[in-house]
Protein chains: 2
Amino acid sequence: MIRLLIADDEDLIRGALVALLELEEDLTVTAEAATSTDAVRLAREHKPDIAVLDLEMPPADGLRAAEEIRSESPIKIILVTRHARPGVLRRALSAGVSGFVPKTTPATRLAEIIRDVAAGRRYVDPDIAASALTEDDCPLSDRELEVLRASRTGASIREIAAQVHLAPGTVRNYLSTAMAKLGVGSRHAAAHRAWEEGWI
Amino acid sequence: MIRLLIADDEDLIRGALVALLELEEDLTVTAEAATSTDAVRLAREHKPDIAVLDLEMPPADGLRAAEEIRSESPIKIILVTRHARPGVLRRALSAGVSGFVPKTTPATRLAEIIRDVAAGRRYVDPDIAASALTEDDCPLSDRELEVLRASRTGASIREIAAQVHLAPGTVRNYLSTAMAKLGVGSRHAAAHRAWEEGWI
DNA sequence: ACAATCACATGACATTTGTCATTGTTGGGC
DNA sequence: GCCCAACAATGACAAATGTCATGTGATTGT
């Protein structure tokens with residue numbers, strides 16, 4: 001019997017996933033979490049075989065939770081995500097997750113993937129893996145990503161500078177290089193593009 | 001037996017929802033759709049009792065699909081959404097939907113809600129309904145919303161003007177009034193705010 | 001030890017923006 | 001009929017923004 005922890009902030013989705021997986025005779029859900037912090041705590045308490053985590057989960061995202069769980073136990077992790085971009089996959093793999101499943105995967109496949117991972121294999125969505133290999137990597141530096149993240153809400157240069165503790169001029173330089181790298185004409189377009197690509 | 005159409009662009013979620021609902025003896029899923037256009041077509045072909053539509057669904061959103069389905073048959077609609085804001089509820093109700101369910105609803109409630117709607121009642125999430133009554137309505141005019149929608153991707157004034165077929169100066173005026181109404185200092189902040197509120 | 005590189009910063013400059021005043025049309029509501 | 005709101009546009013002005021050249025410490029590579 002494979003023991004599972006399911007974590008997703010949306011109760012409806014989480015409940016539906018549990019219903020789906022409980023239909024399988026060799027799977028059982030021993031814990032449910034609605035937040036990343038609960039996921040870490042319940043993983044510690046219940047020691048499931050596999051934790052199925054949604055990537056988009058407050059307060060810290062599923063990736064952070066995955067790293068934390070992996071750091072203290074050998075529980076295998078399967079990340080489920082809506083936002084299946086190559087950049088995210090890269091970060092997930094370096095965090096040591098065993099499975100990477102976009103929400104576009106047919107529901108019937110999920111149980112099979114869980115069994116695969118339980119057997120010690122890894123599963124990565126083939127489409128994403130392919131584009132991760134062909135698509136070019138994120139060309140932005142850490143600082144560029146940081147200022148772009150801060151621009152997401154439409155903040156002014158001054159506000160961004162205050163947020164990241166840099167001089168306004170420096171912020172403008174980082175934004176300028178980021179815009180040049182992304183081939184767009186404003187930081188807002190750059191932030192939008194970087195978000196689409198899964199880089200921020 | 002209540003016959004259902006389930007529409008959600010994410011295969012995993014859709015499959016999980018089907019599994020959840022098929023557990024109930026008095027419910028059966030007769031059709032599944034992954035796009036809003038498929039949803040409209042399948043509703044026409046299968047004539048289910050109730051259509052459960054995800055609000056976030058390409059190419060046109062679930063609201064558009066709901067309007068179209070209602071315009072040609074008395075099939076009842078339940079909208080499921082991640083983005084449960086009062087503004088969205090308002091639009092949904094005027095489109096004639098019978099149920100409005102945020103994804104934060106416990107999974108066990110969904111079947112009950114479906115039975116309620118099948119019995120001719122309406123269901124609206126109480127939390128959202130409450131805030132829809134207290135929170136202030138969207139203060140923006142149609143044109144203001146239109147230019148804000150076009151700003152979402154970080155486009156320049158000229159690009160927005162081309163998109164909405166207006167003079168650049170006019171676009172600036174609309175954006176200016178929208179910014180004033182929302183109390184922010186840039187169109188990007190305004191677009192972000194309007195999006196957060198579920199207005200665009 | 002020396003250059004090369006990087007992270008951070010400044011100042012000057014042209015362009016893009018947001019603001020405001022003003023004009024005009026249209027369609028409802030009272 | 002009158003008033004008001006939404007819609008459409010123009011011109012002028014100040015502030016914000018993006019670009020570029022340049023400079024300074026630190027770190028790194030050889």
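Labels below follow one simple rule: chain letters A, B, ... track the order of the sequence lines, proteins then strands, and each chain is numbered from 1.
Of all heavy-atom pairs between A155(A) and A150(A), the closest is CB-O, 3.9 Å.
One atom, CD of E144(B), and another, C1' of dA5(D), lie 11 Å apart when rounded to the nearest Å. The CZ atom of R143(B) sits 19 Å away from the P atom of dT25(C) (whole-angstrom rounding). Atom-to-atom, CG of L166(A) to P of dT10(C) comes out at 10 Å; the value is rounded to the nearest Å. Here the C1' atom of nucleotide dA9(D) and the NE2 atom of H165(B) are 17 Å apart, to the nearest Å. Protein atom CD1 of I160(B) is 12 Å distant from nucleotide atom C1' of dT16(C), rounded to whole Å.
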Using a 4.0 Å cut-off on protein heavy atoms (strictly under), produce a 5'-to-3' string for nucleotides 16-23 of chain D with B for base contact, S for backbone-only sugar-phosphate contact, and - for none. SBBBB---
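For R64(A), the CZ atom sits in a loose shell: 12 or fewer heavy atoms of surrounding residues, nucleotides or ligands are nearer than 6.0 Å. Taking a 6.0 Å sphere around CZ of R122(A), one finds it holds more than 12 heavy atoms contributed by other residues, nucleotides or ligands.
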Criterion side-chain contact (heavy atoms from CB on, under 4.5 Å) on H46(B) and L5(B), from CA distance to verdict: CA-CA 8 Å; H46(B) 286 76; L5(B) 161 67; over 6 Å; no
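Using a 4.5 Å heavy-atom cutoff, the side chains of E56(B) and T81(B) are in contact.
Over its full length, the helix from dA1(C)-dT30(D) to dC30(C)-dG1(D) turns its helical axis through 40°, comparing axes from the five pairs at each end and rounding to 10°.
Contact annotation: T170(A) side-chain N/O to dC8(C) OP1/OP2 distance is not under 4.0 Å.
A salt bridge is defined here as a Lys NZ or Arg NE, NH1 or NH2 lying under 4.0 Å from an Asp or Glu carboxylate O, and D54(B) with R14(B) fails to meet this definition.
For the salt bridge (Lys or Arg N to Asp or Glu O under 4.0 Å) condition, the pairs that include at least one residue of residues 162-182 of chain A, sequence neighbours left out, are E144(A)-K181(A).
To the nearest 0.5 Å, atoms CG (L166(B)) and CD1 (I160(B)) are separated by 10.5 Å.
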